[in-house]
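See below for the structure under consideration.
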Amino acid sequence: MSLDLSILNPEQRRAVEEIEGPSIIIAGAGSGKTRVLTYKIAYLIESGISPFEILALTFTNKAAKEMRERISGLIGTGLEKIWMGTFHSTFARLLRIEADYLGFTRNFVTYDTDDSVSIIKQLMTRNSMSTDNPTPKGIQNVISSLKNKLILPMEFSSIANTPLDKKVELIYEDYQKALFKNNAMDFDDLLIKPIELFKRYPEILEKYQERFKFVLVDEYQDTNKAQYMIVKLLSAKYRNVSIVGDDAQSIYKWRGAEIQNIFDFQEDYKECKIFKLEQNYRSTQKILTLADNVIKRNLRQMDKNLWTDNEQGEKIHLVETMTDRDEAVRICKYIFDEMQKKKLNFKDFVILYRTNAQSRTLEDGLRQNNIPYLIIGGIRFYQRKEIKDILSYLKIIVNPQDNESLLRVLNLKAGIGKTSIDKMMNVAENNKIQLFDVMKNVNDYSEFSSKVKNILIEILNYIYKYQYLKEEMSLSELAGGVIDEMGILRALRLENTVESEERINNIQELLSAIAEYSDNNDEPTLENFLQQVSLVADIDNLDNQKNAVTLMTIHSVKGLEFPVVFVTGLEEGLFPVSGATMYEDELEEERRLFYVAITRAKSKLYLSFANQRYKFGMQSYQMKSRFLKEIPEDIMHEHMIYEGLKFTQGYKPTSAKKSERPTLFGTSIKYEYYSGKKKQSEEVEDIDHDKFPEVQKGVTVMHNTFGKGTVLSTMGKGLDKKAEIYFDDIGLKKIILKYAKMTIET
């Protein structure tokens, strides 16, 4: 069949028809990059190039599958000869063919992270190294990072300076030898070994240069150094390499991606042709205007100007709430509003957040309002391993007869193995008693060694101790004590990986959930909190998976689009994350992440932040993200949702009596507010009266905690009046005056 290129816009068509030589296709968000890549491969084949000579590299199996299906629809047959897939799957396939050159057999095994960590742990023990600091997982993380940067053991030895480096150096070479001895490669080796193969055997490199005369790479901005080198080696002879990418969507530095690769392409291939896909087919003009205003703040970027023929669309909705719980409540309300006005389904909405820990409050809000949801790229908050581990420790305090929770605790305890647990189960079954009863009388059973008996007595004492403390301590103090005694936070900090940092955030969020529960209940108890959590799990099972609101981190949403997008938690220290504000390159990546979030929206975009958020088990005052200051006023529509006075634009007051006011979406909403110049009730008049007239711009204050400061601005009225104050010692803070313990300096 003849390939119809009329579906392409002029720039897309030029990119497709450029066959020979290097080319870079800068594909802005929503500009149809997948279409261009698939049409380009189809055009190569229609132009007489053998599918056998084409290599197409992607970053996900999903992308490879989608491309293959699209190309099949365009040209029909011959696709089986194209090598198309992820970097790792493609070069694993190549290594299966050539493994014997490197001393491996073709049936070598590929080790996952757990396998690698297990080997490293054995090596650390053999070298009499403590596995507490650093942990085996921590060392594995460093070795993986070194491999992605093409730093092998010998090279690392010459640059290892820090105490951690010296420990890694001791393990790195032995780890590689152990892999070789086991006829195994880890995930990183699937990229390292082809480079080693090509450099040691030029004839093998030439064989694949002849085989893959045309190399195409998707999402080039996400390549690490090893991937960059593979592409450079394979394309060196014929230089028919086409890359597709967008520097503005480079958001994976934390896993080894180097944005410099896409910037350097024009230096590596000075004769390259440049094509800019700037027409956006996804979003409204106002959404694109916001995206452009955000990304243009970055100094390191390729010049491009996204535009669209789509309608101007609605303004961006900026939602300011008093607390993170209010934020979740308002999102639920907006979902119902949008569904009613535009006949949308739950699946048309996505709620985005910077860290997985933020999902807890949002999940609570959705459940309370019977909104089905599903989490992509993560696990429901109370189902995450570290959360279930802690809850098990809490559950056996309340009910030590809970065999399932006790089993989980036993499995977590060092020194208690499967054999000991099996013995306990047998004793319990034979005597028709619970595991806890076995522990209480452990000295009566000869089946257990002295070491195991001591550990079981230790757990028994833990239960008795916290059963007593449960009546003497606050719930938050009790939970904090349990977590400290578990040692889980210390272990995760020693692990020092992206994954461990995420788990630490989740644990802190659990403490916040407990503190929030305590603050909102007159007589909070551990029993009732755990009961609430168990009900959460029951509701989870009822969610409709086919039509549900999607929750995910912004990192997970790349490549997707939704009619309505909520970007939540836009607060300093949360988005951008606190560590990123110290370094310009880190801050630019956070801004690119914000750009990615914005450009997922097709027709409606909500940006939200809270003035207070539970962090580390207590209420924390937040400042809105610096990114929000980059939004042009003419495309923004503000909603200020204050505690005690909640309103939205155009919302009509009712004459309902106070006792008859309904509870809306889990929070009691007061309908009174100013409508023009007319006050709706005496209650509103009281709320609007300035209770703090002396707090004005320029006034000097002395705060009990933050010290001396100067008022920069004030906002809100009555009891909801707030002030932005610059404190000499700690910088800018937003203070809610009715809670502030401070005096005016004269």
Side-chain angles (χ1 to χ4, degrees), residues 11 14-28 33 36-37 40-41 44 49 53-59 83 86-88 90-91 94 147-152 155 188 191-200 202 204-253 255-277 298-304 585 588-589 592:
E11 189 71 0
R14 283 194 289 270
V16 165
E17 292 177 334
E18 186 67 35
I19 292 181
E20 295 185 344
S23 62
I24 176 171
I25 303 168
I26 303 171
K33 74 172 180 65
V36 170
L37 203 52
K40 190 172 181 74
I41 294 171
L44 287 171
I49 292 163
E53 297 178 331
I54 298 173
L55 172 64
L57 297 168
T58 68
F59 273 84
W83 274 34
T86 65
F87 275 88
H88 290 89
T90 297
F91 292 104
L94 184 149
K147 286 186 172 185
N148 283 332
K149 296 174 183 175
L150 295 181
I151 300 174
L152 299 178
E155 298 165 82
D188 300 308
L191 300 179
I192 295 287
K193 293 300 180 183
I195 296 172
E196 180 184 339
L197 177 72
F198 293 155
K199 289 187 173 181
R200 283 172 58 184
I204 301 295
L205 172 59
E206 187 173 7
K207 168 185 171 181
Y208 285 99
Q209 287 174 337
E210 289 294 331
R211 169 72 193 268
F212 303 129
K213 292 178 181 175
F214 294 86
V215 179
L216 302 97
V217 187
D218 191 16
E219 304 284 14
Y220 192 75
Q221 78 279 350
D222 293 334
T223 54
N224 59 31
K225 188 169 183 179
Q227 291 160 332
Y228 161 84
M229 183 58 67
I230 289 175
V231 172
K232 190 172 183 180
L233 287 168
L234 285 174
S235 61
K237 183 172 184 179
Y238 289 100
R239 299 177 75 80
N240 296 322
V241 55
S242 297
I243 67 162
V244 182
D246 180 9
D247 60 295
Q249 297 185 68
S250 178
I251 59 173
Y252 296 119
K253 181 181 178 183
R255 70 181 189 196
E258 296 190 10
I259 192 173
Q260 195 61 38
N261 291 346
I262 196 167
F263 291 141
D264 287 345
F265 189 81
Q266 295 174 60
E267 287 297 315
D268 293 336
Y269 304 90
K270 295 187 183 299
E271 75 277 26
C272 78
K273 301 286 187 4
I274 302 173
F275 303 95
K276 295 182 181 181
L277 307 185
N298 278 3
L299 299 177
R300 299 176 69 215
Q301 61 174 304
M302 293 178 162
D303 181 48
K304 54 185 169 298
D585 61 332
E588 291 205 351
E589 176 141 336
R592 291 194 295 270

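Atom set for the values below is all heavy atoms of this structure, side chains included, hydrogens, waters and symmetry mates excluded.
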Exercise. Which residues pass the side chain to side chain donor-acceptor pair (under 3.5 Å) test with T86, sequence neighbours left out?
Worked result: S89
Problem set entry | Side-chain heavy-atom pair S250, R300 within 4.5 angstrom cut-off | no
For this session: Give the minimum heavy-atom separation between V36 and A15, together with the two atoms involved.
Result: CG1-CB, 4.2 Å
Seminar exercise, completed: By salt bridge (charged side-chain N to carboxylate O under 4.0 Å, His left out), K147 pairs with (sequence neighbours left out) D186, D189
Exercise. Which residues pass the side chain to side chain donor-acceptor pair (under 3.5 Å) test with R211, sequence neighbours left out?
Worked result: none
Exercise. Who passes side-chain contact (heavy atoms from CB on, under 4.5 Å) against K199, sequence neighbours left out?
Worked result: I195
Problem set entry | From CG (L191) to NZ (K225), nearest 0.5 Å | 14.0 Å
Validation: residues 230-237 side-chain donor-acceptor distances under 3.5 Å, sequence neighbours left out:
from	atom 1	to	atom 2	distance (Å)
S235	OG	V231	O	2.7
S235	OG	Y269	OH	2.9
K237	NZ	E206	OE2	3.4
K237	NZ	E210	OE2	2.4

Exercise. Got a sec, which residues hit salt bridge (charged side-chain N to carboxylate O under 4.0 Å, His left out) with E17, two or more places apart in sequence or on another chain?
Worked result: R13
Exercise. Quick check: are there more than 12 heavy atoms from other residues, nucleotides or ligands sitting under 6.0 Å from CD of E20?
Worked result: no
Seminar exercise, completed: Smallest heavy-atom separation, E155 atom then L150 atom, equals OE2-O, 3.6 Å
Problem set entry | D247 versus R592, closest heavy-atom pair with distance | O-CD, 3.1 Å
For this session: Taking salt bridge (charged side-chain N to carboxylate O under 4.0 Å, His left out) as the test, write out the residues that go with D585, two or more places apart.
Result: K253
Exercise. Is there side-chain contact between I262 and I24, with at least one heavy-atom pair below 4.5 Å?
Worked result: yes
Problem set entry | Heavy-atom pair with the smallest gap, counting every atom of F265 and C272 | CE2-CB, 4.0 Å
Problem set entry | Nearest-0.5 Å distance that lies between atom CG in D264 and atom CD in Q266 | 10.0 Å
Seminar exercise, completed: The reported gap from OG1 in T223 to CE in M229 (rounded to nearest 0.5 angstrom) is 11.5 Å
For this session: Compare every heavy atom of N240 with every heavy atom of G21, then report the nearest pair and how far apart it is.
Result: N-OD1, 2.8 Å
Seminar exercise, completed: Sorted by chain and number, sequence neighbours left out, salt bridge (charged side-chain N to carboxylate O under 4.0 Å, His left out) with R14 holds for E11
Exercise. Is there a donor-acceptor contact under 3.5 Å from the side chain of K33 to the main chain of L277?
Worked result: no
Problem set entry | Approximate separation, where rounding is to 0.5 Å, of L216 CG and T58 OG1 | 11.5 Å
For this session: Could you walk me through whether L55 and Y208 pass side chain to side chain contact (heavy atoms under 4.5 Å, CB included), step by step?
Result: CA-CA 10 Å; L55 172 64; Y208 285 99; over 6 Å; no
Exercise. Is there a donor-acceptor contact under 3.5 Å from the side chain of N148 to the main chain of N224?
Worked result: no
Exercise. Would you say D268 and Y228 make side-chain contact, with heavy atoms under 4.5 Å?
Worked result: yes
For this session: Output the distance between atom CZ (R239) and atom OG (S23), rounded to the nearest 0.5 Å.
Result: 12.5 Å
Exercise. Taking only residues two or more places apart in sequence, or in another chain, which ones meet E18 in a side chain to side chain donor-acceptor pair (under 3.5 Å)?
Worked result: K273
Exercise. L152 and I192: side chain to side chain contact (heavy atoms under 4.5 Å, CB included), yes or no, with the steps?
Worked result: CA-CA 9 Å; L152 299 178; I192 295 287; 4.0 Å; yes
For this session: Under the side-chain contact (heavy atoms from CB on, under 4.5 Å) rule, collect the residues that match up with I49, sequence neighbours excluded.
Result: I19, L44, E53, I54, F214
Seminar exercise, completed: Rounding to 0.5 Å, atoms OH (Y220) and CG (D218) come to a distance of 13.0 Å
Seminar exercise, completed: Sorted by chain and residue number, the ring-ring contact (aromatic ring centres under 6.0 Å, His included) partners of F87 (sequence neighbours excluded) come out as F59
Exercise. Excluding sequence neighbours, so at least two apart, what forms side chain to side chain donor-acceptor pair (under 3.5 Å) with D246?
Worked result: Q249, K304
